Amino acid sequence: MEERRKQPRKDLMSYSQVYDLRDGKLIGYLGDLNLLGGMVISSQRMEKDSELTISIELPELAGITETTIILPVRVAWCREDVSPDYFNIGMEFKVVNERQKAIINAIMEKYEFKRQIPHYPPRPSEQSLDE
């Protein structure tokens with residue numbers, strides 16, 4: 001599948017709850033995020049190109065007093081998750097103001113899942129090669 005994303009998404013360590021403000025129901029949990037959109041892990045399928053307003057419950061963030069962020073979104077795609085009981089829903093943010101951008105950046109900075117390669121000491125056989 002062709003990658004059309006304009007910004008790479010940041011996988012998150014904090015799965016914030018995402019609600020549909022129309023009916024107040026929980027859609028699912030935020031799995032990844034960037035300034036243009038996010039992916040929600042949900043137990044329900046959503047129709048592509050449907051539009052809604054979501055509320056994301058914010059994790060604890062230094063210097064941020066808001067507890068939620070409200071954004072109008074378009075469902076860009078919906079696919080079955082690896083687990084057949086769930087769906088991954090790509091949501092495109094339609095409008096993001098400067099304060100919301102600052103909050104999204106703070107979430108990505110603090111809660112991005114960073115895959116780090118461990119730095120193991122060299123094996124004895126590797127040390128002898130370097131000497």
Side-chain angles (χ1 to χ4, degrees):
M1 175 165 40
E2 179 184 331
E3 178 65 41
R4 297 181 305 199
R5 214 171 262 146
K6 294 176 185 167
Q7 288 186 350
R9 295 259 176 98
K10 305 292 185 180
D11 292 329
L12 302 177
M13 293 186 302
S14 172
Y15 291 113
S16 298
Q17 294 176 325
V18 179
Y19 293 90
D20 181 348
L21 285 185
R22 183 179 36 212
D23 57 16
K25 290 187 178 177
L26 178 68
I27 297 171
Y29 299 87
L30 194 62
D32 68 32
L33 182 67
N34 70 24
L35 291 172
L36 303 175
M39 190 265 298
V40 176
I41 302 164
S42 179
S43 61
Q44 59 192 1
R45 180 183 300 274
M46 295 193 84
E47 289 298 315
K48 181 180 178 191
D49 292 325
S50 58
E51 296 188 1
L52 57 149
T53 302
I54 62 169
S55 173
I56 302 171
E57 296 291 320
L58 298 178
E60 187 176 318
L61 297 164
I64 306 288
T65 57
E66 292 91 335
T67 58
T68 62
I69 184 172
I70 295 171
L71 297 161
V73 300
R74 178 185 73 86
V75 174
W77 50 267
C78 181
R79 299 184 194 109
E80 225 177 71
D81 187 63
V82 175
S83 171
D85 294 333
Y86 294 95
F87 297 91
N88 295 327
I89 303 167
M91 295 188 175
E92 174 188 29
F93 301 149
K94 293 173 61 179
V95 178
V96 182
N97 66 36
E98 290 305 312
R99 179 64 180 157
Q100 291 167 329
K101 287 179 185 177
I103 292 169
I104 292 168
N105 278 322
I107 293 169
M108 290 188 302
E109 180 66 30
K110 182 168 183 183
Y111 291 101
E112 177 186 2
F113 180 74
K114 296 180 175 138
R115 293 169 180 87
Q116 296 180 351
I117 299 171
H119 297 286
Y120 296 116
R123 295 180 183 158
S125 60
E126 292 172 349
Q127 279 183 329
S128 62
L129 295 174
D130 292 338
E131 296 176 55

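Quantities reported herein were computed from a predicted structural model and do not represent experimental measurements.
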Determine yes or no for a side-chain-to-main-chain donor-acceptor pair under 3.5 angstrom, with Ser16 supplying the side chain and Glu57 the backbone.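 Yes, because the side chain of Ser16 sits within donor-acceptor range (under 3.5 Å) of the backbone of Glu57.
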
Are the side chain of Glu47 and the backbone of Val75 linked by a donor-acceptor contact shorter than 3.5 Å?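 Judged by distance alone, no pair lies under 3.5 Å.
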
Compare all side-chain heavy atoms of [X] with those of [Y] and state whether any distance is below 4.5 angstrom.
| X | Y | result |
| --- | --- | --- |
| Arg99 | Ile64 | yes |
| Thr53 | Arg22 | no |
| Phe93 | Leu33 | yes |

If you round to the nearest 0.5 Å, how far is [atom2] of [Y] from [atom1] of [X]?
| X | Y | atom1 | atom2 | result |
| --- | --- | --- | --- | --- |
| Leu71 | Ile103 | CG | CD1 | 9.0 Å |
| Leu30 | Ile69 | CG | CD1 | 10.0 Å |
| Lys101 | Leu36 | NZ | CG | 9.0 Å |
| Asp23 | Leu52 | CG | CG | 9.0 Å |
| Leu35 | Met108 | CG | CE | 4.5 Å |
| Lys25 | Gln44 | NZ | CD | 8.0 Å |

Cluster check Tyr29, Trp77: I/L/V/M/F/W/Y, side chain < 4.5 angstrom: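 Shared cluster, yes.
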
Out of curiosity, does Leu26 fall in the hydrophobic cluster containing Tyr86 (side-chain heavy atoms, cut-off under 4.5 Å, transitive links)?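 In one cluster with Tyr86: Leu26, yes.
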
Passing candidate, side chain to side chain contact (heavy atoms under 4.5 Å, CB included) with Leu58, options Thr65, Ile107, Thr67: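 It is Ile107; the other options fail the test.
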
Given the rule in the side chain to side chain contact (heavy atoms under 4.5 Å, CB included) test, do Ile54 and Asp20 qualify, once you have shown the distances and angles that lead to the verdict? CA-CA 5 Å; Ile54 62 169; Asp20 181 348; 5.7 Å; no

Considering all heavy atoms of both residues, which atom of Phe87 and which atom of Cys78 are nearest to each other, and what is their separation?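 Shortest heavy-atom separation between Phe87 and Cys78 comes out as CB-SG, 4.0 Å.
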
Does atom CD of Glu51 have more than 12 heavy-atom neighbours from other groups under 6.0 Å away?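 Buried by this count: over 12 neighbours within 6.0 Å.
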
Starting from Val95 and following side-chain heavy-atom contacts under 4.5 Å between hydrophobic residues (I, L, V, M, F, W, Y), which residues can be reached?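 Once heavy-atom contacts under 4.5 Å are chained together, Val95 still belongs with nothing else.
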
Side chain to side chain contact (heavy atoms under 4.5 Å, CB included), that's the test. Do Ile27 and Met91 meet it? Break it down for me. CA-CA 12 Å; Ile27 297 171; Met91 295 188 175; 4.2 Å; yes

Mind jotting down which residue pairs meet the salt bridge (Lys or Arg N to Asp or Glu O under 4.0 Å) criterion with at least one end in residues 81-90? Sequence neighbours excluded, please.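 Counting only pairs at least two positions apart or across chains, no salt bridge (Lys or Arg N to Asp or Glu O under 4.0 Å) contact touches residues 81-90.
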
